[in-house]
Enquirer: 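The structure's right below; bear with me while I get my questions together.
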Amino acid sequence: MAQAAVTDAAADVVAGTTVDHLTATYQAHYRSLLGLAALLLDDTASCEDVVQEAFIRVHSARNRVRDREKTLAYLRQTVVNLSRSALRRRILGLKLLSKPMPDMASAEEGAYDQLERDDLIKAMRGLQRRQREVLVLRYFADMTESQVAETLGISLGSVKAYGSRGIAALRVAMEAAQS
């Protein structure tokens, strides 16, 4: 008889945690695990989620829990780890929420901005090629006048002249588009 008990115990250790054993553990220890999570977290829904997730994970890894006596310890550790993860996610969320949101334009402002961009692109296309190149490099590529001169292979005075004439032509074209 003693030999049979040893053999059964050895079979239990090799088989791992069975679904029946895990079900019995759930029925016996769900509330205590919920209490453990409640000490670590502050809302009931999160506690319930953590405990349920712990049981799901132990169920998935039940063959790795060779000794059935360690199932509860494994569950407790999983609840603690999942609670820590939940708190980390919550803290990260709070940090992200504490950053001020950028001012959002209204739909009308967005439509108006789009119209202005379209008018600007149309006006830019109406410029002479050199004027357009100078303005694009100077204001959109944020280059200095000397960098523009070097890039285009023209003198610094030419960059200033093309830029000045280009801006004047853009001003006239944009005013005409506004009216």
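Hydrogens, waters and symmetry mates play no part in the numbers below; they use all other heavy atoms, side chains included.
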Enquirer: For Leu87 and Leu40, which heavy atoms make the closest approach, and how far apart are they?
Expert: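 Leu87 and Leu40 have their closest heavy atoms at CD1-O, 3.5 Å.
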Enquirer: Shortest non-hydrogen contact from Val79 to Val50?
Expert: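 The pair with the smallest heavy-atom distance is O-CG1, 3.6 Å.
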Enquirer: Taking C-beta and beyond as the side chain, do Leu120 and Leu170 meet within less than 4.5 Å on heavy atoms?
Expert: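 They are in side-chain contact.
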Enquirer: If the threshold is 4.0 Å, N to carboxylate O, is there a salt bridge linking Arg129 and Glu133?
Expert: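 Glu133 and Arg129: salt-bridged.
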Enquirer: Please answer: with hydrophobic residues joined when any side-chain heavy atoms are less than 4.5 Å apart, are Val172 and Leu135 in the same cluster?
Expert: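 Shared cluster, no.
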Enquirer: Gln131 and Tyr162: which non-hydrogen atoms are nearest, and at how many Å?
Expert: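 Shortest heavy-atom contact: CG-O, 3.6 Å.
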Enquirer: How long is the span from the CG atom in Leu34 to the CD atom in Gln52, to the nearest 0.5 Å?
Expert: 9.0 Å
Enquirer: Where is the tightest heavy-atom contact between Ser83 and Leu41, given as atom of each residue plus distance?
Expert: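 Smallest heavy-atom distance, with atoms named: O-CD2, 3.7 Å.
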Enquirer: Working to the nearest 0.5 angstrom, can you tell me the gap between Ile56 CD1 and His59 NE2?
Expert: 9.5 Å
Enquirer: What's the spacing between Arg138 CZ and Lys160 NZ if we round to 0.5 Å?
Expert: 9.5 Å
Enquirer: Can you tell me how far apart CD (Glu150) and CE (Met143) are? Round to the nearest 0.5 Å.
Expert: 9.0 Å
Enquirer: Can you tell me if CZ on Arg165 sees more than 12 non-hydrogen neighbours from other groups inside 6.0 Å?
Expert: no
Enquirer: Looking only at heavy atoms, which two atoms of Val51 and Ala37 are closest? And how far apart?
Expert: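 Where Val51 meets Ala37 most closely, the heavy atoms are CG2-CB, 4.1 Å.
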Enquirer: Is there a side-chain contact between Arg130 and Ser158 in this structure, where contact means two heavy atoms from C-beta onward sitting under 4.5 Å apart?
Expert: no
Enquirer: From Leu127 CG over to Ile167 CD1, what is the distance, rounded to the nearest 0.5 angstrom?
Expert: 10.0 Å
Enquirer: For Arg31, look at atom CZ and say whether over 12 heavy atoms of other residues, nucleotides or ligands are found less than 6.0 Å away.
Expert: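 Counting neighbours around CZ of Arg31, 12 or fewer heavy atoms of other residues, nucleotides or ligands fall under 6.0 Å, so no.
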Enquirer: Please walk me through it: do Val136 and Met124 pass side chain to side chain contact (heavy atoms under 4.5 Å, CB included)?
Expert: CA-CA 9 Å; Val136 166; Met124 289 288 288; 3.5 Å; yes
Enquirer: Whether the side chain of His21 engages the backbone of Arg68 through a donor-acceptor N/O pair (distance < 3.5 Å, no angle test) should be reported.
Expert: yes
Enquirer: Between Phe55 and Leu33, is any pair of side-chain heavy atoms under 4.5 Å apart?
Expert: yes
Enquirer: Which value, rounded to the nearest 0.5 Å, describes the distance between Arg57 atom CZ and Thr78 atom OG1?
Expert: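 Nearest 0.5 Å value for the CZ-OG1 distance: 7.5 Å.
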Enquirer: For Ser146 and Leu156, work out which heavy atoms get closest and say how close.
Expert: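 Smallest heavy-atom distance, with atoms named: N-CD1, 3.7 Å.
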Enquirer: Answer yes if the side chains of Tyr30 and Glu48 hold a donor-acceptor pair under 3.5 Å, and no otherwise.
Expert: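 No pair is found: no donor N or O on one side chain lies under 3.5 Å from an acceptor on the other.
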Enquirer: Could you check whether atom CZ of Arg171 has more than 12 heavy atoms from other residues, nucleotides or ligands sitting under 6.0 Å from it?
Expert: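 Incorrect, the count does not exceed 12.
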Enquirer: With hydrophobic residues grouped by side-chain heavy-atom distances under 4.5 Å, do Phe140 and Leu137 end up in a single group?
Expert: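 Different clusters: Phe140 never reaches Leu137 through Ile, Leu, Val, Met, Phe, Trp or Tyr contacts under 4.5 Å.
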Enquirer: Any donor and acceptor pair, going by atom type alone, linking the side chain of Ser164 with main-chain N or O of Ala161 inside 3.5 Å?
Expert: no
